[in-house]
Amino acid sequence: MSEINRERMSLMVECEDCKQKFEITSGEAAHSVTHKKEFNVNGQSIFLTYYDCPSCGRCHYVQIDDKTSLNKLREVSQQFVKLSVAKRKGKTIPQKQSAKFKKARQHLSDYRMNLMKQYTGKLIHDNETDSDFVLRFSVSV
């Protein structure tokens with residue numbers, strides 16, 4: 001993965017199989033090519049974020065969440081909004097608040113990495129396709 005366009009929230013990637021380079025976008029945009037899907041593993045709900053290669057169709061899993069990480073994400077997002085509003089109003093962000101936000105964001109990232117390690121190599125059942133696959137992430141764990 002190389003270039004990030006923050007205005008459009010896009011990223012240039014290369015398929016691990018066919019080596020095709022293409023742009024992925026995230027969010028709710030109509031042209032978004034990232035997807036999030038819920039799976040049940042041993043009674044636990046996990047949410048996998050992925051994109052499909054437009055050339056060969058390979059599914060690239062890039063992020064995992066569970067209920068705990070989604071709650072942490074909600075907290076980090078709320079902190080981000082508060083800091084953004086204050087900054088937009090021209091207020092100075094206190095070092096303590098900034099540090100608290102960075103720590104919460106890092107904690108979320110660490111938690112997600114641990115989830116990746118925990119679930120990498122696990123057999124996952126896809127109810128939509130009624131098929132099983134071994135979970136492998138397309139990002140370093």
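Between E16 and S138, the closest side-chain pair of non-hydrogen atoms falls below 4.5 Å. Within the 4.5 Å cutoff, the side chain of L115 has heavy atoms near those of the D66 side chain.
Expressed to the nearest 0.5 Å, how far CD1 of I64 lies from CZ of F47 amounts to 10.5 Å. The line from NZ of K87 to CD1 of I93 is 7.5 Å long, rounded to the nearest 0.5 Å. A distance of 6.5 Å separates OH in Y61 from OH in Y50, rounded to the nearest 0.5 Å. Of the inter-residue distances, the one linking D65 atom CG with Q63 atom CD reads 5.0 Å to the nearest 0.5 angstrom. Remark: F22 CZ to C53 SG distance equals 4.5 Å, nearest 0.5 Å. The distance from atom CG of L108 to atom CD of E75, rounded to the nearest 0.5 Å, is 9.5 Å.
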> Does the pair S84 and R88 meet the rule for a side-chain contact (heavy atoms from CB on, under 4.5 Å), with working shown?
Replying inline: CA-CA 6 Å; S84 295; R88 209 173 305 131; 4.1 Å; yes

>> Between R105 and Q79, is the side-chain contact (heavy atoms from CB on, under 4.5 Å) condition met? List the steps.
In response: CA-CA 10 Å; R105 192 177 63 196; Q79 287 177 357; over 6 Å; no

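Across every non-hydrogen atom of L73 and R112, the tightest pair is CD2-NH2, 3.6 Å.
Between R58 and D52 there is no salt bridge, since none of the side-chain N atoms of the basic residue sits less than 4.0 Å from a carboxylate O of the acidic one.
A donor and an acceptor atom, one from each side chain of N40 and H125, are nowhere located under 3.5 Å apart.
Cation-pi geometry between K72 and Y111 is met: the NZ or CZ atom falls under 6.0 Å from the ring centre, inside 45° of the normal.
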